[in-house]
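See structure below.
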Amino acid sequence: MKPGTRLKSATCDTEVMVIRAGQGTIECGGAPMAEDKQSAGEPAADHAQGTLIGKRYVDAEATFELLCVKPGKGSLAVDGTPLVTKDAKPLPASD
Amino acid sequence: MNIALFLEMAAQAAPERTALVCDGARFTYAELFAAAQGAASTIRQSGADYVALLDESSEAAVLALFGAALAGVPYVPLNYRLADPDLAALLTRITPCLLVGDAARAGMLCEDPANTLLERADFVTRARAAPRLEEADPGLGVAVQLFTSGTTGAPKAAILRHTNLSSYVIGTVEFGSAEEDMARLVTVPPYHIAGIAALLTSIYAQCRIVLLPAFTPEGWLDLVAKEKVTHAFVVPTMLARVVEAIRAGTPADVSSLRALSYGGGKMPRELIEDALDLFPETAFTNAYGLTETSSTIALLGPEDHRAAKASQDPKVRARLASVGRPLPTIELEIRDEDGTVLGPNQAGEIFVRGEQVSGEYKERSALTADGWFPTRDAGYLDEEGYLFLSGRADDVIVRGGENISPGEIEDVLLTHPAIADACATGVPSLEWGEAVGIAIVTAPDCDCPPHDELCQLVRARLRSSRVPERTLVVDTLPYNEMGKLLRREVKGWFGA
């Protein structure tokens with residue numbers, strides 16, 4: 001998956017931009033995400049935490065990083081493992 | 001990612017928030033995004049390969065930036081202060097273009113019929129009326145092309161890709177992090193990287209952008225009070241003029257100003273100390289960056305400022321004159337001429353690497369094979385990793401094989417009460433290859449101190465190799481409009 005690719009959820013309104021990615025399937029609501037809108041029903045119950053616009057989502061190894069550009073009801077995962085939000089220390093405004 | 005997505009996200013998350021205030025015009029985030037989409041279809045319809053701006057800051061500059069991004073063509077803000085022949089030469093490098101701003105001047109300088117020339121108001125009206133561009137992905141090509149100021153030769157076309165700028169924004173700002181009342185005053189010209197970066201980071205944070213098209217200290221203070229500005233960026237010259245205006249009794253209410261950042265040139269130590277006293281409640285941040293690095297790569301934050309000012313330790317105090325530490329998202333090294341990486345307190349050339357670093361010109365990339373950008377800026381890191389700048393690598397005076405930074409000599413000269421301004425430069429020397437020459441501007445009603453006295457002053461504070469061989473007394477030193485000292489011109493005065 002190339003950085004800069006915009007992916008859409010098949011189970012909710014979520015859209016993400018790929019910032020970095022490795023080997024594996026990016027999923028939302030338990031179903032694979034794709035560049036074109038697919039329909040796979042509602043998010044699976046254990047993948048329905050929701051996404052927040054502007055949040056960055058990463059895996060434990062930081063191989064994957066996704067930026068949520070449109071929020072939805074499903075939650076993000078790679079090969080079934082949930083992604084977590086990345087909290088960076090804010091920097092003072094410099095320009 | 002494409003920078004236009006930042007505006008789309010802000011419009012989605014906070015449609016009713018005020019995005020932009022300029023000369024009485026106000027846009028919400030939803031309105032600004034809609035107008036940017038209209039601008040994109042206007043641009044696409046013109047068939048232009050570039051969107052040029054020949055104008056001061058206004059809503060048109062913002063619409064041109066994001067309209068160009070949505071249309072997938074580079075945005076090229078031009079320096080309207082350039083002389084006609086220089087500007088004409090740049091215009092021939094960006095045809096066919098849609099040019100916004102001084103259409104009459106552009107038409108006179110470049111008669112290419114393929115260009116579309118629109119006055120500011122005309123462009124804004126069309127953008128607001130045009131339908132949105134119904135089209136696929138504008139891609140991730142060049143977002144911004146900036147002609148570098150050319151203090152060291154002919155202007156180069158520096159290229160910033162969407163990926164460079166978006167990495168900078170995502171890496172340094174949290175989306176939607178602006179408090180409800182946050183207002184950023186943007187006053188640097190639109191063709192300066194700090195002006196572009198300010199628009200992008202402000203929109204991503206969702207703050208209210210207050211534009212001041214042409215800087216005057218009175219206008220700046222007036223807007224701070226009227227719009228309850230909370231954040232602002234200034235170049236040192238602007239800060240000096242604001243401080244001067246307040247001292248001269250210009251009405252000033254800066255109580256809303258929580259943060260003031262500065263950069264773009266060397267900040268005199270005295271000026272920043274004065275400013276810290278005049279704005280006791282304001283958090284100061286010093287930013288260092290280049291066009292080729294998508295703006296800031298190092299910063300000295302508010303806590304660093306306070307710690308340095310309050311410290312008794314001369315090492316910590318000295319950090320007030322540093323540009324702080326590199327951003328966590330980039331790598332920074334100091335290297336000598338052979339490319340060897342230097343340790344703390346050893347001066348050399350600053351190299352940077354990271355996703356925000358473009359290091360790319362239209363003609364060629366300046367990056368090394370492994371992605372490092374040689375900034376041509378000279379400097380060193382102290383033991384704690386604070387970066388100190390010592391001028392352009394090209395400005396270093398090489399006297400008998402010894403590297404001398406002009407800044408250290410100037411700092412010493414400026415401690416003399418009779419000296420208002422000073423520039424040190426390399427002058428030809430039979431004995432040393434190059435020796436130190438100084439150009440001096442005397443303080444009002446002062447005579448220039450005798451050459452011997454200046455030599456003694458430098459010798460007492462620095463090494464004897466720094467002692468000037470030649471002294472020139474001048475009325476003023478040459479600066480560009482961003483307050484950058486044009487050392488090459490001074491060098492020319494010595495016949496070098």
Side-chain angles (χ1 to χ4, degrees), chain A residues 1-9 12-22 26 28 33-38 49-76 78 83-95, chain B residues 1-2 5-6 8-10 12-13 137 139-140 162-163 166-167 170-178 182 184 186 188 193-202 204-207 231-233 259 261-263 283-289 295-296 298-303 324 327-329 355:
Chain A
M1 194 56 66
K2 253 178 63 188
T5 307
R6 188 169 178 161
L7 296 176
K8 294 179 172 148
S9 171
C12 69
D13 293 332
T14 299
E15 291 183 26
V16 299
M17 289 298 300
V18 177
I19 294 175
R20 69 178 58 84
I26 299 170
C28 179
M33 298 184 82
E35 287 182 62
D36 300 315
K37 184 78 190 163
Q38 313 279 332
Q49 306 294 308
T51 52
L52 294 169
I53 187 167
K55 284 285 173 200
R56 287 183 285 170
Y57 292 86
V58 291
D59 61 340
E61 291 79 36
T63 316
F64 285 85
E65 183 170 337
L66 310 174
L67 174 72
C68 174
V69 298
K70 206 170 175 201
K73 289 185 291 186
S75 40
L76 298 166
V78 170
L83 300 182
V84 296
T85 56
K86 177 176 175 175
D87 295 310
K89 192 173 164 271
L91 294 167
S94 67
D95 41 35
Chain B
M1 59 193 260
N2 189 295
L5 192 50
F6 296 148
E8 184 188 328
M9 288 166 70
Q12 199 188 135
D137 186 14
L140 293 174
H162 286 281
T163 47
S166 62
S167 297
I170 296 171
T172 55
V173 187
E174 197 61 31
F175 179 75
S177 56
M182 187 167 165
R184 283 247 295 258
V186 178
V188 293
I193 181 61
I196 293 167
L199 295 179
L200 296 176
T201 53
S202 299
Y204 198 59
Q206 286 158 30
C207 60
H231 291 66
F233 173 89
S261 52
Y262 60 92
F284 281 80
T285 295
N286 181 9
Y288 162 62
S295 196
T296 307
L299 56 84
L300 186 78
E303 288 115 68
L327 298 186
T329 43
E355 286 171 18

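Each chain gets a letter, A, B and so on, in the order the sequences are listed, and its residues count up from 1.
Salt bridge present: B/Arg184 and A/Asp95 bring a charged side-chain N and a carboxylate O closer than 4.0 Å.
The side-chain heavy atoms of A/Cys28 and A/Cys12, taken from C-beta on, include a pair separated by under 4.5 Å. Using a 4.5 Å cut-off on side-chain heavy atoms (C-beta onward), A/Arg20 and A/Thr63 make no contact.
Neither the backbone nor the side chain of B/Tyr262 comes within less than 4.5 Å of any heavy atom in chain A. Contacts of A/Lys55 with chain B are made by side-chain atoms alone, with heavy-atom separations under 4.5 Å and no backbone atom involved. Proximity to chain A (any heavy atom under 4.5 Å) is restricted, for B/Leu327, to the side chain, taken from C-beta onward. Of the two parts of A/Leu52, neither the backbone nor the side chain holds a non-hydrogen atom closer than 4.5 Å to a non-hydrogen atom of chain B. Residue contact with chain A, scored on non-hydrogen atoms closer than 4.5 Å, is absent for B/Ala259.
Per-residue counts of heavy-atom pairs under 4.5 Å with chain A were compared for B/Val186, B/Leu140, B/Leu5; the largest is that of B/Leu5. Of all the listed residues (B/Met1, B/Glu355, B/His162, B/Glu174), the one sharing the greatest number of non-hydrogen pairs under 4.5 Å with chain A is B/Met1. With chain B as partner, the option from A/Pro71, A/Pro3, A/Ala93 having the largest number of non-hydrogen pairs under 4.5 angstrom is A/Ala93.
The backbone N or O of B/Ser261 lies less than 3.5 Å from no partner atom in the side chain of B/Thr285, so there is not a single donor-acceptor pair. Judged purely by atom type and a 3.5 angstrom limit, B/Asn2 uses its side chain to pair as donor or acceptor with the backbone of B/Gly139. Of the possible donor and acceptor atoms, one in the side chain of A/Thr51 sits under 3.5 Å from a partner among the backbone N and O of A/Gly72.
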